[in-house]
Protein chains: 2
Amino acid sequence: MPEPLDDKLCFALYAASRAVTQLQRPMLDELGLTYPQYLVMVVLWEKRSLPVKDLAAALQLDYGTVSPLLKRLEAAGLLRRERRADDERSVLVALTDGGAALRARAEDVPGAVLCAMDLDDDEYHALLRAVQKLTESVSAPGAASRGRTPAAAATP
Amino acid sequence: MPEPLDDKLCFALYAASRAVTQLQRPMLDELGLTYPQYLVMVVLWEKRSLPVKDLAAALQLDYGTVSPLLKRLEAAGLLRRERRADDERSVLVALTDGGAALRARAEDVPGAVLCAMDLDDDEYHALLRAVQKLTESVSAPGAASRGRTPAAAATP
DNA sequence: CACGTTTAAGTTGTGCACAATTGAACTGCG
DNA sequence: CGCAGTTCAATTGTGCACAACTTAAACGTG
């Protein structure tokens with residue numbers, strides 16, 4: 001029997017996102033990280049240091065989510081936050097030695113995830129691109145009023 | 001410059017899921033529903049009535065999420081919860097007239113979403129299937145220890 | 001029948017997500 | 001300079017998401 005949500009891509013994405021997070025949870029638990037915290041660390045391992053604004057942009061999250069998240073990571077000793085001298089509005093997030101050290105313990109997480117996804121390289125990249133394109137279509141300003149409806153939009 | 005998360009499908013799904021939810025928020029706001037609440041209503045509009053267990057299974061959520069969510073929908077007058085007479089453990093969730101009436105006001109939500117996604121029918125179904133397959137691969141028990149690593153699993 | 005086990009649902013506590021608000025620091029322009 | 005307007009970040013409040021725990025009903029086996 002067909003279930004009511006089976007044909008909904010929006011639900012499929014929602015379920016997939018949670019399933020992938022669930023998959024990583026046991027591994028991240030050993031590092032003392034949640035999934036969003038892990039994403040912050042992934043960015044920091046590459047960048048060493050960047051403003052909160054850029055970090056929030058990279059994660060596509062707002063300050064209301066990122067601020068307390070960074071506070072917890074700072075309390076765990078994985079990063080530091082310091083106001084910039086040249087612009088006191090901006091706060092720079094910087095990796096600590098403890099944060100850098102965690103990288104080695106996390107290095108096999110992506111492999112395990114890839115493995116569990118059971119996709120070959122082509123499938124992986126095709127799906128990645130399709131999902132990224134979807135995000136862009138849907139995030140574009142006025143997305144809800146465009147698409148296959150070329151009727152006059154409410155932009156006088 | 002390549003961003004650290006750009007090659008991560010897990011992040012792409014997480015971002016896409018949130019972007020699609022954001023897209024629907026203004027429409028659902030007018031109905032007084034959050035996105036998970038809307039999903040519950042979608043199921044109820046099809047099924048009229050079902051146990052909490054089945055609803056949680058359909059949404060792939062646990063009781064800890066679903067119980068308070070149903071409480072709020074009941075307070076809003078959209079559904080009723082009643083213990084079954086033949087099995088006092090089970091609670092049946094049933095659509096009220098108010099809940100049924102909301103269906104008409106929500107009917108153009110899926111169309112608007114589809115439209116904003118800017119996908120043709122084939123792309124939509126291909127992506128839907130790919131995402132569903134991924135969820136299944138990743139949700140399968142022991143997913144993290146299988147895949148392209150046929151090494152002995154820790155199942156003595 | 002009694003007793004341990006399983007099952008359905010709810011509760012508690014932590015941590016996201018996000019809207020709305022606040023506040024401080026920078027900017028632009030007359 | 002003065003000050004409206006913008007920008008960066010944090011706070012507050014609501015509602016998920018989920019682990020861990022609790023409660024109560026049904027079941028199974030001796």
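What you see is a predicted model; the values in this text were computed from it and never measured.
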Less than 4.5 Å apart, side chain to side chain, heavy atoms only: is that true for B/Tyr14 and A/Leu39? yes
What one should report as the nearest heavy-atom pair of A/Arg80 and A/Thr96 is N-CG2, 3.8 Å
Taking every heavy atom of A/Tyr124 against every heavy atom of B/Asp7, the minimum-distance pair comes out as OH-O, 2.8 Å
Whole-Å distance, B/Arg89 CZ to C/dT5 C1', equals 12 Å
**OP:** Select base, sugar-phosphate, or nothing to describe what A/Arg84 touches, counting heavy atoms under 4.0 Å on all strands.
**Re:** nothing
Rounded to whole Å, NZ of B/Lys53 lies from C1' of C/dT6 at a distance of 11 Å
| field | A/Arg18 side chain near B/Leu61 side chain, heavy-atom distance below 4.5 Å | value | yes
Whether each nucleotide of nucleotides 11-19 of chain C has a protein heavy atom under 4.0 Å at its base (B), only at its sugar-phosphate (S) or at neither (-) is summarised, 5' to 3', as B---SSBBB
Here the distance between atom P of D/dC8 and atom CG of A/Leu70, to the nearest Å, is 16 Å
note: A/Glu88, atom CD; D/dT7, atom C1'; distance rounded to Å ~ 15 Å
Between CZ of B/Arg83 and C1' of C/dA9 the distance, given in whole Å, is 6 Å
Donor-acceptor under 3.5 Å (B/Thr135 side chain, A/Ala15 main chain): no
Whichever of B/Leu92 and A/Asp86 has the more 5' nearest nucleotide on DNA chain C, that residue is B/Leu92
**Phosphate OP1/OP2 of C/dA9 contacted by B/Ser90 side-chain N/O (<4.0 Å)** = yes
Practice task
Without swapping roles, check the side chain of B/Trp45 against the backbone of B/Leu102 for a donor-acceptor pair under 3.5 Å.
Solution key: no
